[in-house]
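One structure is given here, and the rest of the page talks about it.
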Amino acid sequence: MQSESHRRVLDSADFYRTLAEEFVHRAAEAIEAHGRFRVALAGGSTPKPLYGLLAAKEFNARVAWAHTEVFFSDERCVPPDDARSNFRMAADALLKHVPLPANQLHRMRGEDDPALAALSYRQELAAAFRTVSVPRFDLILLGLGENGHTASLFPGTAALREFLRSVVPQYIEAQQEWRLTFTRPILNAAHQVWVLACGTAKAEIAQRVLEGRFEPEVLPAQYLAPVAGKLIWWLDAAAAARLAAVAVATE
Ligand code: 6PG
């Protein structure tokens, strides 16, 4: 399979419901293919309504949680009950409301020393995927920052040039905080990577990343290119408003 990049532009009203349906489909596809659905959740605010929908009565029984393993593509180095924690956001919106077995939930330990937390997560990934090479996720969810970052791959940081370790600690000057983040090798090993961007605030950065000059050190989301997988940009009409070639969600 070659690297594929797709754009799906959705009406704002349909954005999260379509994503929830596609998530259910992706989970079923992965479980059908190899008995497991391994997904890495994104942090930030964009995915929260998706998590809420997946937790709702309409959807929560449609994912085979017994065959699902949940990971995180990045985390802030804060305790799990901190308001900034990606884990806390996902737990409150989704994980507390679905029957995911506790040993199939893989939290990044934001409360620990960043380097040790990154090491232990790399070990946890190796054990969960039973591999010493790069774990290949069925799905990695990501957001898009207004400065072009994704996961916690921020412009000009050393994490952008990490090719050996799948998860690293990275101090983010702009945020004055340590983060843990997936790196390019694990992101680009995935079967599918979905970048979620919605709202007018993301229109300019979406246009720069998708149609502007290729400058990934400045716009890290431009490094996303699954080697043998599919990259899907999910945008609502507002976030896609500045795109020249607006592909309409058809497939
Ligand atoms: C985080 C995310 C980060 C996020 C973007 C977009 O830990 O915050 O990993 O990469 O996806 O900053 O954030 P919003 O969805 O809140 O716009």
Side-chain angles (χ1 to χ4, degrees), residues 14-31 35-112 114 117-118 120-125 127-129 135 137-145 150-152 167 175 177-182 186 190 192-199 234:
D14 305 332
F15 188 72
Y16 287 106
R17 185 167 302 282
T18 302
L19 276 173
E21 289 289 352
E22 291 290 333
F23 186 98
V24 166
H25 172 73
R26 184 73 198 110
E29 204 176 44
I31 293 166
R36 222 68 174 137
F37 173 48
R38 295 188 186 99
V39 56
L41 301 183
S45 58
T46 302
K48 193 172 176 180
L50 168 61
Y51 301 160
L53 254 184
L54 290 171
K57 193 164 173 294
E58 180 187 351
F59 283 96
N60 73 7
R62 294 179 55 195
V63 173
W65 296 105
H67 302 287
T68 297
E69 294 203 63
V70 172
F71 300 76
F72 290 82
S73 49
D74 79 329
E75 185 55 279
R76 291 83 179 273
C77 292
V78 296
D81 60 354
D82 189 296
R84 294 165 294 170
S85 166
N86 290 336
F87 168 78
R88 173 175 162 179
M89 182 275 285
D92 289 347
L94 173 61
L95 302 172
K96 287 176 182 171
H97 310 288
V98 293
L100 178 74
N103 67 342
Q104 291 168 210
L105 172 56
H106 304 275
R107 178 177 70 84
M108 288 182 167
R109 293 181 55 83
E111 67 274 29
D112 289 351
S120 67
Y121 207 72
R122 293 196 299 269
Q123 291 168 338
E124 190 159 346
L125 283 165
F129 282 79
F137 274 87
D138 297 301
L139 176 60
I140 298 178
L141 298 180
L142 297 171
L144 176 66
T150 193
S152 285
V167 182
Q175 317 274 340
E177 68 182 7
W178 280 94
R179 300 261 186 116
L180 301 169
T181 186
F182 275 11
I186 192 169
Q192 291 200 17
V193 175
W194 295 0
V195 182
L196 281 53
C198 68
W234 293 99

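- Residues M89 and R84 have side chains not in contact (no heavy-atom distance under 4.5 Å, counting atoms from C-beta outward).
- Here the closest non-hydrogen pair linking L94 and A55 is CD1-N, 3.8 Å.
- Here the SG-CG distance, from C77 to D82, works out to 11.0 Å after rounding to the nearest 0.5 Å.
- In plain terms, the two heavy atoms of I186 and P135 that are nearest each other are CG1-O, 3.7 Å.
- Using a 4.5 Å cut-off on side-chain heavy atoms (C-beta onward), V98 and L54 make no contact.
- Annotation: side chain of F37 is not in contact with side chain of E29 (no heavy-atom distance under 4.5 Å).
- Under a 3.5 Å cut-off, the side chain of E69 and the backbone N or O of L105 do not form any donor-acceptor pair.
- Closest approach of G143 to T150, counting heavy atoms only: O-OG1, 2.7 Å.
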(message) Assess the residue pair L196 and L144 against the criterion (side-chain contact (heavy atoms from CB on, under 4.5 Å)); give the C-alpha distance rounded to whole Å, side-chain angles, the decisive distance to 0.1 Å, and a yes or no.
(response) CA-CA 7 Å; L196 281 53; L144 176 66; over 6 Å; no
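- Between the OG1 atom in T68 and the CD atom in Q104 there is a gap of 7.5 Å [rounded to 0.5 Å].
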(request) With side-chain hydrogen bond (donor to acceptor under 3.5 Å, both in side chains) as the test, would you mind laying out the steps for T181 and D74 before giving the verdict? (result) CA-CA 4 Å; T181 186; D74 79 329; 5.2 Å; no
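- Contact record, S73 with A42: OG-CA, 3.8 Å, taken as the closest heavy-atom pair.
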(request) May I have the step-by-step check of ring-ring contact (aromatic ring centres under 6.0 Å, His included) for Y16 and F23, ending in yes or no? (result) CA-CA 10 Å; Y16 287 106; F23 186 98; over 10 Å; no
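- A donor-acceptor pair under 3.5 Å links the side-chain atoms of Y121 to the main chain of F72, judged by distance alone.
- The closest side-chain heavy-atom distance from L141 to V193 is not below 4.5 Å.
- Of the possible donor and acceptor atoms, one in the side chain of T18 sits under 3.5 Å from a partner among the backbone N and O of D14.
- Salt bridge absent: R107 and E75 never bring a charged side-chain N and a carboxylate O closer than 4.0 Å.
- Taking the side chain as every heavy atom from C-beta outward, L41 and P47 never approach each other to under 4.5 Å.
- Formation of a donor-acceptor pair under 3.5 Å by the D138 side chain with backbone atoms of R38 is found in this model.
- Residue pairs meeting the ring-ring contact (aromatic ring centres under 6.0 Å, His included) criterion with at least one partner in residues 52-71, sequence neighbours excluded, are F71-H106, F71-F129, F71-F137.
- With sequence neighbours excluded, the residues satisfying side chain to side chain donor-acceptor pair (under 3.5 Å) with R76 are N86.
- The CH2 atom of W234 sits 14.5 Å away from the CG atom of L142 when rounded to the nearest 0.5 Å.
- A salt bridge does not link E124 with R122: every distance from a Lys NZ or Arg NE/NH1/NH2 to an Asp or Glu carboxylate oxygen is 4.0 Å or more.
- Counting heavy atoms from C-beta on, the side chains of F182 and V167 come closer than 4.5 Å.
- Taking every heavy atom of both residues into account, D92 and H97 meet most closely at O-NE2, 2.7 Å.
- The backbone N or O of R179 lies less than 3.5 Å from no partner atom in the side chain of S152, so there is not a single donor-acceptor pair.
- In this structure, R88 contributes its side chain and P80 its backbone to no donor-acceptor pair below 3.5 Å.
- Taken from CD1 in I31 to CZ in R26, the straight-line distance is 10.0 Å, to the nearest 0.5 Å.
- Here the shortest heavy-atom pairing between V63 and A27 reads CG1-CB, 4.3 Å.
- For the atom pair K48 NZ and S45 OG, the distance stands at 9.0 Å (nearest 0.5 Å).
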